[in-house]
Asker: 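This structure is in structure tokens; I'll ask about it shortly.
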Amino acid sequence: MQRNHLIRYMSDVQNFEKNMSTLSAKWDLLTLLGSMSNIGMDTSETRKAFEDLLDEPLLRLIEETFHKSLNELESKAQTAIDILIRNLFERTADIGFLATDDDIREYLYFLHTTDMSVSEEMREIKMKKKEALTARFREYVAKYSVYENIILLDTKGKVLVQLDTTNPITLSKDTLLQESLRTHQGYVETFRPSDLNHNKPSLIYSYRVSSPDSEEPLGVLCLLFRFENELQSIFRKLTKENPYIALELLDSSGTVIASASEHHVPIGSYLTPRNNEDHQTYYAGFEYLYQAVKTTGYQGYKGSGWIGHAMVPLHLAFRSSLRPSFLKNEIFDAVANAQAYYPQELKDILEKAKKIQSELDITVWNGNVQIANAVGHESPFTKALLSEISKTGEETKRVFDHTVANLNSAMLIQYLEDLKFQSSLAIDIMDRNLYERANDCRWWALTTTFRECLSHPSLSEENREKMNAILAYINDLYTVYSTMFIYDRDGVIVSVSTPDDHSLIGKRIGYSWAMETLDLKTTQDYVVSTFEPSPYYTNRSTYIYNACIRNSSEENVGGIGIVFDAESQFEAMLYDTLPKDEHHAISEGMFALFIDRSGRVVSSTTSEISAGEILNLPESLLELSPGQSDAQILSFNNIYYALGATCSNGYREYKQSDGYDNDIIAILYRPIGEVQALETETPLQRIYTYPKPNGTEETSEISTFFVGGSLFAVESKNVVCSLAHQELTSILHASEYNLGVISYDKRMVSVISLAKLLGMEKTYDKEHDTVILVKAVIEKQVVYLGLAVDSIYSSPEIPLRSISQYSNVLKNENSLTKAVIIPDNPEDFANEMISVLDIPKIYAQLIQPYSRPLHKVMA
């Protein structure tokens with residue numbers, strides 16, 4: 001990736017670099033001033049440590065920004081090509097089945113065996129048959145609205161019947177005719193200009209129509225797919241939320257065969273069909289980020305080698321997103337800001353920044369101690385400089401904290417946006433699939449054999465076997481159905497598609513959907529059962545699609561019911577839309593659902609949730625408008641999940657203008673972490689406001705530090721320095737509060753656990769805890785002692801009026817504190833007081849009784 005080239009388009013990255021540049025200039029000045037101070041404060045190492053660490057969040061920010069845009073392009077391009085391929089897979093079944101249609105075969109056989117020159121009567125019969133077949137084609141396209149024309153030709157290319165009366169073709173010379181007559185496959189798929197469709201590029205599915213007895217070819221049937229209409233529908237939906245993305249469909253050579261915007265990328269243009277390393281290209285004088293993908297295929301079908309292509313101008317590729325609505329969600333804020341949910345690499349950045357700041361704090365704290373102990377050499381300039389250095393360090397760390405938090409938020413946003421998009425894909429796949437089911441039942445209800453057999457007062461066994469055979473043939477071709485059956489005008493099942501269901505014959509259907517079907521008024525109407533357990537699906541829940549069967553007098557004489565294999569088909573749809581890694585594996589813990597508006601589960605990819613179960617979900621999800629999507633963070637089974645949801649909106653006329661109303665919501669879940677992780681989050685350190693001395697007041701320098709969340713103090717004159725990362729050596733015959741000893745200035749110094757003195761169970765951690773080295777005069781000798789604390793805090797100058805010494809009444813010989821600091825306002829210390837430790841008393845009680853004579857061992 002050409003990083004420097006891309007950064008100028010990444011506003012978030014530029015803002016980060018700008019902030020760090022400002023801080024870098026500040027560090028330069030502080031380093032210069034530090035070298036001029038009376039303690040020789042050198043911040044160059046701190047500055048270098050922060051600058052070295054800068055590369056990690058910067059690179060991560062660049063990578064996240066880059067891949068967010070690239071992933072969006074990939075998902076759009078992949079969805080476009082895969083949705084199209086799923087649609088075309090259905091078309092490959094259509095042509096194979098329709099080419100065996102009895103009415104088409106009969107018409108061709110009639111033309112093949114009849115001399116039309118014999119009589120006018122025969123010519124009239126031919127005309128009526130042609131009109132009847134044209135009407136049948138019209139019925140087909142009314143149901144399968146993805147086709148713009150149906151053409152039937154003889155084996156020489158003469159057009160015999162076609163639906164589009166404006167098409168002037170009468171004789172075709174297209175080579176697909178001979179290919180259709182000779183192929184050993186179940187269909188021929190052709191995309192190129194054809195004389196069958198005004199010599200414009202067309203997608204045509206063709207196959208020979210053969211005699212049912214001899215398999216002799218009688219003609220060729222062609223289905224002309226509404227290619228441009230379908231692609232524009234797909235493109236429109238995918239670019240709705242980001243109109244800057246240009247979507248295209250390329251052939252294997254890179255020629256554009258469909259474009260979301262032909263004014264921008266005209267048909268016939270050339271675009272690179274293979275991705276280069278940086279996914280950048282030039283087109284029409286502009287730089288673009290692009291992604292080219294091949295289809296993943298569907299049930300082994302991969303089409304004609306077409307390529308999904310998406311690109312966006314580079315200057316628009318990395319725009320900061322508008323604040324999505326889910327960012328206002330309280331759970332989102334809590335999870336996004338909780339380090340417990342950060343990826344490990346982000347935690348590592350924060351830990352390194354914290355370590356740098358901690359070391360700087362120690363340096364500043366020790367500098368203040370040095371000033372406090374430099375009698376007669378007070379330097380307001382140096383104290384002010386130390387304060388500014390500390391503030392700059394905190395400011396630098398806050399920039400890291402803010403950047404890392406933003407990175408984590410961006411990651412969560414990406415999860416939510418991806419899940420929202422994938423949920424819309426899942427529901428779109430469902431709608432498109434069930435659109436085909438509504439078409440199938442209505443078309444098969446028009447099968448001539450079914451209409452004729454059910455016209456008789458009673459059904460002969462011979463006619464029953466005919467219908468059984470046709471249903472079996474259909475069911476073998478269309479494996480999305482578990483079974484099919486035909487029922488008469490009384491709702492009694494008279495024919496089935498599988499031998500296993502023969503026991504159903506003669507049984508009356510006791511469900512309202514059968515009676516509703518028998519009352520339908522037109523061949524365009526259909527009825528779908530509610531999603532419920534069905535005896536026709538081994539008491540599992542499913543949909544049964546129904547259409548009425550009408551005789552030649554247009555009377556309803558029965559119905560056909562096709563039982564959708566909901567369990568396996570819905571689960572496969574959901575599985576296909578769950579995001580996968582480069583090894584095609586689904587991330588651990590991810591799952592997807594189809595639910596209805598009551599929260600009842602229609603399908604699930606996890607064993608923890610079963611079909612029929614009712615989930616407790618927010619009203620905002622259950623009340624989504626058709627086609628509306630949402631994303632949230634919710635808790636489920638004590639785990640926080642990122643969640644994307646979309647409500648169904650139908651496809652073409654299905655669920656939109658055909659009278660069928662059945663809203664389903666697709667939901668995808670991605671785990672983030674356990675809910676209780678928030679409860680263990682380290683609380684924010686409180687801010688303390690110290691009493692301010694008046695100009696003439698006497699003061700005392702103190703040094704403060706935290707133990708167990710409480711602030712304590714030591715007079716700075718008793719402090720030597722603070723030390724980090726100290727390795728302790730255990731000693732025998734020591735106080736239970738003695739953690740061990742450290743070496744300092746050729747001395748062995750005992751370290752006391754203040755946490756244990758306060759009754760807390762805490763183990764010393766050399767990576768995070770600090771040792772404060774203090775001194776006291778005992779028996780006219782200077783002795784040293786180490787205090788293990790959680791962290792150092794500040795070194796304020798306190799007016800003596802605010803330091804309240806313990807009175808004799810409060811004192812006792814075991815007390816290890818000698819005074820408290822009282823704030824000017826109670827809220828300044830969060831309604832607490834700060835205890836000042838009595839170092840000589842601590843030494844006398846916890847070290848001296850366990851030591852040998854002081855003149856021998858100084859400990």
Side-chain angles (χ1 to χ4, degrees), residues 87-112 126-174 176-177 179-181 183 186-210 217-230 435-436 438-448 474 477-478 523-524 652-653:
N87 191 323
L88 299 187
F89 172 76
E90 297 277 357
R91 312 295 63 94
T92 65
D94 288 350
I95 186 62
F97 179 72
L98 193 57
T100 64
D101 185 79
D102 286 341
D103 290 21
I104 298 174
R105 280 176 164 178
E106 181 188 336
Y107 180 73
L108 286 175
Y109 185 75
F110 169 76
L111 296 181
H112 194 68
K126 173 193 172 185
M127 185 59 65
K128 287 182 179 180
K129 285 183 176 292
K130 181 178 180 179
E131 289 174 355
L133 193 56
T134 303
R136 188 161 176 78
F137 286 173
R138 193 174 297 112
E139 284 272 19
Y140 191 83
V141 170
K143 292 158 181 60
Y144 296 87
S145 55
V146 294
Y147 297 113
E148 59 178 301
N149 196 12
I150 302 176
I151 303 176
L152 181 65
L153 308 99
D154 67 14
T155 56
K156 304 297 184 183
K158 180 182 177 182
V159 175
L160 302 175
V161 183
Q162 71 164 321
L163 187 59
D164 183 3
T165 56
T166 65
N167 189 357
I169 184 70
T170 58
L171 181 68
S172 175
K173 298 184 182 299
D174 198 308
L176 69 81
L177 295 168
E179 189 178 352
S180 302
L181 291 169
T183 184
Y187 62 93
V188 172
E189 183 181 72
T190 306
F191 181 79
R192 51 174 166 72
S194 172
D195 60 10
L196 288 166
N197 195 27
H198 307 280
N199 287 306
K200 67 179 184 180
S202 304
L203 180 57
I204 303 172
Y205 288 87
S206 58
Y207 198 63
R208 60 183 172 269
V209 181
S210 302
L218 302 175
V220 173
L221 182 69
C222 299
L223 297 177
L224 280 68
F225 183 70
R226 298 177 69 185
F227 180 76
E228 184 178 341
N229 175 275
E230 176 65 14
Y435 156 85
E436 302 287 348
N439 297 343
D440 289 346
C441 70
R442 291 179 294 167
W443 176 248
W444 295 333
L446 296 177
T447 303
T448 301
I474 296 172
L477 279 178
Y478 294 83
T523 56
Q524 280 299 100
R652 294 188 178 272
E653 67 279 0

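Residue numbers run from 1 in the order of the sequence given. Just so it is clear, the model here is predicted, and its values are computed rather than measured.
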Asker: CG/Leu160 to NZ/Lys126 distance, rounded to the nearest 0.5 angstrom?
Answerer: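 Here the rounded value is 7.5 Å.
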
Asker: Quick check: do Phe137 and Leu221 have side-chain heavy atoms less than 4.5 Å from each other?
Answerer: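 Yes - at least one pair of side-chain heavy atoms lies under 4.5 Å apart.
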
Asker: Does any part of the side chain of Tyr435, heavy atoms only, come nearer than 4.5 Å to the side chain of Val146, both counted from C-beta?
Answerer: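 Counting from C-beta outward, Val146 and Tyr435 do come under 4.5 Å.
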
Asker: Can you tell whether the side chains of Glu230 and Arg652 come within less than 4.0 Å, N to carboxylate O?
Answerer: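 Salt bridge flag = yes for Arg652 with Glu230.
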
Asker: So do the side chains of Glu189 and Leu88 get within less than 4.5 Å of each other, counting heavy atoms only?
Answerer: yes

Asker: Do Leu152 and Leu108 have side chains that get closer than 4.5 Å, going by heavy atoms?
Answerer: yes

Asker: Rounded to the nearest 0.5 Å, how far apart are CD of Glu179 and CG of Leu176?
Answerer: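 Taking CD in Glu179 and CG in Leu176, the distance rounds to 7.5 Å.
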
Asker: Does Thr166 use its side chain to pair, donor to acceptor, with the backbone of Asp164 at less than 3.5 Å?
Answerer: no

Asker: Under 3.5 Å, is there a donor-acceptor pair linking the side chains of Arg91 and Tyr147?
Answerer: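 Their side chains do contain a donor-acceptor pair, which is all the 3.5 Å distance test asks for.
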
Asker: Is there a side-chain contact between Thr100 and Arg105, using heavy atoms and a 4.5 Å cut-off?
Answerer: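 Answer yes - side chains close enough.
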
Asker: Using side-chain heavy atoms (C-beta onward) and a distance below 4.5 Å, is Glu148 in contact with Asn197?
Answerer: yes

Asker: If you compare all heavy atoms of Ile169 against all heavy atoms of Leu171, which two are closest, and at what distance to 0.1 Å?
Answerer: CD1-O, 3.1 Å

Asker: So, Asn439 and Tyr140: side-chain donor and acceptor under 3.5 Å apart, yes or no?
Answerer: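 No, no side-chain donor-acceptor pair sits under 3.5 Å.
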
Asker: Just verifying a value: how many Å separate Phe225 CZ and Glu90 CD, rounded to the nearest 0.5 Å?
Answerer: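 Between atom CZ of Phe225 and atom CD of Glu90 there are 11.0 Å.
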
Asker: So, for Ser145 and Glu653, which heavy atoms are closest and what is the spacing to 0.1 Å?
Answerer: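 Looking at all heavy atoms of both residues, the shortest contact is OG-OE1, 3.0 Å.
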
Asker: Where the side chain of Thr92 meets the backbone of Phe89, is there a donor-acceptor pair that is under 3.5 Å apart?
Answerer: yes

Asker: Drop me the distance from Leu163's CG to Arg138's CZ, to the nearest 0.5 angstrom.
Answerer: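 The CG atom of Leu163 sits 6.0 Å away from the CZ atom of Arg138.
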
Asker: Going through the checks in order, is the side-chain contact (heavy atoms from CB on, under 4.5 Å) test met by Tyr107 and Leu111?
Answerer: CA-CA 6 Å; Tyr107 180 73; Leu111 296 181; 3.4 Å; yes

Asker: Is the distance between the ring centroids of Trp443 and Phe97 under 6.0 Å?
Answerer: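 No: the rings miss the under 6.0 Å criterion.
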
Asker: With a 6.0 Å cut-off (strictly less than), is the heavy-atom count around OH of Tyr478, excluding the residue itself, greater than 12?
Answerer: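 Above 12, so yes.
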
Asker: Indicate the atoms forming the closest heavy-atom contact of Ala99 with Arg208, along with that distance.
Answerer: CB-O, 3.6 Å

Asker: For residues Ile204 and Ser194, determine if any side-chain heavy atom of one lies less than 4.5 Å from a side-chain heavy atom of the other.
Answerer: yes

Asker: Output, in order, the C-alpha distance, side-chain angles, deciding distance and verdict of side-chain contact (heavy atoms from CB on, under 4.5 Å) for Thr523 and Arg442.
Answerer: CA-CA 7 Å; Thr523 56; Arg442 291 179 294 167; over 6 Å; no

Asker: Specify the closest pair of heavy atoms between Pro217 and Ser210, including all atoms of both residues, with the distance to one decimal.
Answerer: CA-OG, 4.0 Å

Asker: Quick one: pull up CG in Leu181 and OG1 in Thr155 and give me the separation to the nearest 0.5 Å.
Answerer: 6.5 Å

Asker: Compare all side-chain heavy atoms of Asn149 with those of Gln162 and state whether any distance is below 4.5 angstrom.
Answerer: yes

Asker: Quick test of your reading of the model: are Arg192 and Asp174 salt-bridged, counting only N-O distances below 4.0 Å?
Answerer: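 So Arg192 pairs with Asp174 through a salt bridge.
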
Asker: Take Tyr207 and Leu223, measure what side-chain contact (heavy atoms from CB on, under 4.5 Å) needs, and give me the verdict at the end.
Answerer: CA-CA 9 Å; Tyr207 198 63; Leu223 297 177; over 6 Å; no

Asker: Mind checking the CG-CD spacing from Leu218 to Glu106? Nearest 0.5 Å is all I need.
Answerer: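 The distance works out to 12.0 Å.
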
Asker: Passes side-chain contact (heavy atoms from CB on, under 4.5 Å), Leu153 versus Leu196? Steps please.
Answerer: CA-CA 10 Å; Leu153 308 99; Leu196 288 166; 3.9 Å; yes

